[in-house]
Amino acid sequence: MSGDHGERDSQVNSGSRANDSHKHKDKHKDKEHRHKEHKKDKEREKAKYSNSEHREHSEKKHRDKEKEKERLKHSDGSVDRHREKQKEEERLKHSDGSVDRHREKQKEEERLKHSDGSVDRHREKQKEEERLKHSDGSVDRHREKQKEEERLKHSDGSVDRHREKQKEEERLKHSDGSVDRHREKQKEKDKEKRREEKVKSSHVEGKPKKEKENGHAREMWSSPSPSPPPIKSEPEEDNGLYPSPKHNKTLKRERDEEEFEYKPKKMKTENGKKAKKRKQEYEDEEEEEEIKPKKKAKDKKAKKEPEEKWKWWEEERSTDGSKWKFLEHKGPVLAPPYEPLPGHVRFFYDGKPLRLSAPAEEVATFFAKMLDHEYTTKDMFRKNFYKDWRKEMTSEEKSKITDINKCNFTEMSEYFKAQSEARKQMSKDEKLKIKEENERILQEYGFCVMDNHKERIGNFRIEPPGLFRGRGDHPKMGMLKRRIRPEDIIINCSKDSKHPKPPQGTRWKEVRHDNKVTWLVSWTENIQGSIKYIMLNPSSRIKGEKDWQKYETARRLKKCVDRLRAQYREDWKSKEMRIRQRAVALYFIDKLALRAGNEKEEGETADTVGCCSLRVEHIKLYPKMDDQEYVVEFDFLGKDSIRYYNKMPVEKRVFKNLQLFLENKQPEDDLFDRLNTSILNKHLQELMDGLTAKVFRTYNASITLQQQLKELTSPDESIPAKILSYNRANRAVAILCNHQRAPPKTFEKSMQNLQTKIDEKQKQLSTTRKQLKGAKTEHKASHDDRSKKMVEVKRKAVQRIEEQLMKLQMQATDREENKQIALGTSKLNYLDPRISVAWVKKWDVPIEKIYNKTQREKFAWAIDMAEEDYEF
DNA sequence: CACGGTACTTAGCATTGGAAGG
DNA sequence: CCTTCCAATGCTAAGTACCGTG
């Protein structure tokens, strides 16, 4: 191994430096420059650490995570992505009490070490208090067990096996078996047991869900439209046409009847009046969601019920590359003109009031409105703002105002605060008026007609002027974002449509009729010089088709992913540097779901990277770390300056390659100097039609969801428990994709509130239980009807409260686990909605529990077409 | 192939509105 | 009925991908 490596090293390496292209040299120069800037920035940053919002933000996230990690004291070092897994494992390992106590002690110690983290401390304290509320010593054990049960709702020992399997599969997904050997052994055993288990359980279910062989056949049968319209030829599975609508309708009707039949099944083990009521509500909801549309569909001939229920996915689609044939709309809604401040609101310069000209005042108000934000204290922000502000000043103002630090905007700021306060305090009538006005605007401007259908527009308002705030450490923060005038706006619509009219006395920059694009309105923004668009809502045909197609591409990747993985593993051994780099990068993209990492213009945006643009400084190699070998530590800022931090053990070959790539490089050099996204994507295109780097993210996200749902859902759980399982599966994906969020400002408080509720419930429960006991004794004594009734009443009450308590605890768990994880992004952009729809149908979970109204609109196609046996 | 430009998806944060709770 | 609180929605920045051109 090493021999073969050494040889190649030299070969590869000799090419590496000598053949440096001009581009690379230039790049290097730039980098040096940037690096200096970078360093300066860093120093500055260090000096005024407390001032740096972003950094603090991400640091904090990091700190929390580190703590989490330490708390868990895990040998397996890979953090972010596997945090969830770890937690889970932790939970499972300690199902016997003695260990629990040990763990608590350990936690205690960890807690003491971290005297700085106020947040964590707070949370821990809370936990502590909760713990102390229990009076006897067995508390911890009891609580943990209880939690466990609620979480898993498994009735027997199959829990562990169940979980282990899931982990197993996750690991095997990437078929790099080199890791976690000692754990593996144990799992191997469990796996066997599981196999038996699986066979059993599938019989119990009554629906022997055969694996793929069958799944595919069935899929072709049952799914009304097996794949979306192709843009590029999609050979095997797709003839480029939708099945005929007629055919679909029959299928649909059949399914509706089926649903109807199954309905009684929805009756679960709920009891008590309230539960009944709730059940009734479910049914009612269903009636609204399911039956009404059916009725409407039947009435369709009689009444005209057009756009709302248009099923574009049942129609054929033009193949000539045009996006539409007809497009008519009313144009954008422009930002309201500036309203000068009332006379009593003053701006002070150097302690003296100064009346500003309208343009200068407007820009000043932008700053004033942001005064509460930390970034108005940042040097860069203030500098950029001041520079742009001066451009709006009269020459007199320019000469008077020479130092931004002498400007006092507070009175203006107060005024705006008062205004927004007043808005909140408005009477109902006034609020209603505003609402109606908004509704009118929506009706007028919010829709367009595209090919005979009325479609909702996404963002029909032109962005108002203001101060630009980029994310992270953006060099342009604070710059003035100009007001967009009609003269800046390009309109796109059909030649034969009624063109939108510009406001009186103005004209559009251009009216064009380009049906190769989907946008209705565009303009060029002045900060980055990029083009902004007005496009249709996600529920529209044009977006939906694209979305559907995206998932179909990902499904095609599923079919050949094994081949691809074998390929890149082979390429790790290539003689050519560029191929090795490509292969390693692809491995990262596949395994870690990294983004592609386009090059960006330096100095124009925050310094963030993706896979191909990773720099040497972003990874660290550890030949040995704890009990693992070949660990790579990633630490960089990704999209939106969200930090990606992860330690992952990799295969030896990858590790050696990385060492090779790092040779003779400076920290600010590119890790993959022979690679960029276009090279990578070109390569991918050759491997599979339509394949690009981002497809891997979609694929891995969706497949993970499907697997996790399979593993986490247990048939006899209650609905809330199932939803928790769903969220857990969703969360696994969000962690994979590194979808983070700042913990909500009110997080601690809301957690506390919830905990209070839980405690109250618990008290209530024990009181009611006592009452039940009392009633029983009384009944035993008297044996009369009244006391018998009483017992029944109390019994039901206990049951009801237990249920409520459980639900609350589920909620608490869910929220706690979600503290820094955003589920929305993956749900909206990465998870094939048909997986969720199938799951919902399989387990009779009301779809509203996982998709809100907007999401249901966006995924209408999936909700309509996916059956419960849908396989991604 | 670099590069500038365009179109479209993906992203997190701020605000809002309406349900739950008092 | 009013207030509180959170999920839904709105907003727009920041990515990916790909094209034409020289």
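Numbers restart at 1 for each chain; the letters A, B, ... are given by sequence-line order, proteins then strands.
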**Asked** Mind checking whether A:Y851 and A:F859 have ring centres under 6.0 Å apart?
**Response** yes
**Prompt:** Does A:K481 make a cation-pi contact with A:F468 (under 6.0 Å, within 45 degrees of the axis)?
**Reply:** no
**Request:** Starting at the 5' end of nucleotides 17-22 of chain B, put B wherever the base has a protein heavy atom under 4.0 Å, S where only the sugar-phosphate does, and a dash everywhere else.
**Result:** -S--S-
**Prompt:** Rounded to the nearest Å, what distance is computed from the NZ atom of residue A:K745 to the C1' atom of nucleotide B:dA14?
**Reply:** 8 Å
**Message:** Whether A:D640 and A:R471 form a salt bridge (side-chain N of Lys/Arg under 4.0 Å from carboxylate O of Asp/Glu) is what I want to check.
**Reply:** yes
**Prompt:** Counting just side-chain N and O atoms, does A:N598 come under 4.0 Å of either OP1 or OP2 of C:dG15?
**Reply:** no
**Asked** Just to confirm, is there a sub-4.0 Å distance from OP1 or OP2 of C:dC6 to any side-chain nitrogen or oxygen of A:S750?
**Response** yes
**Message:** OP1 or OP2 of C:dT4 versus the side-chain N and O atoms of A:K749: is any pair under 4.0 Å?
**Reply:** no
**Request:** Identify whether any heavy atom of A:S530 sits under 4.0 Å from a base atom; if not, whether one sits that close to sugar-phosphate; answer base, sugar-phosphate or nothing.
**Result:** nothing
**Prompt:** Looking across every strand, which nucleic acid part, if any, lies under 4.0 Å from A:K424 by heavy atom: base, sugar-phosphate, or nothing?
**Reply:** nothing
**Request:** Scan A:A606 against the nucleic acid and name what it touches under 4.0 Å (heavy atoms): base, sugar-phosphate only, or nothing.
**Result:** nothing
**Complete:** Residue pair A:P464/A:Q425 against DNA chain C: nearer the 5' end by closest nucleotide is A:Q425
**Message:** Once you measure the plane-to-plane angle for A:W312 and A:W548, does it fall in the parallel (<30°), tilted (30-60°) or perpendicular (>60°) bin?
**Reply:** tilted
**Message:** To the nearest 0.5 Å, what is the distance between CD on A:E421 and CD on A:Q425?
**Reply:** 5.5 Å
**Asked** Heavy atoms under 4.0 Å, any strand shown: does A:G638 hit a base, just sugar-phosphate, or nothing?
**Response** sugar-phosphate
**Asked** Checking all strands, does A:T518 fall into the base, sugar-phosphate, or nothing category for heavy-atom contacts under 4.0 angstrom?
**Response** sugar-phosphate
**Message:** Just the rounded figure in Å: distance from C1' of B:dT9 to CD1 of A:I531.
**Reply:** 16 Å
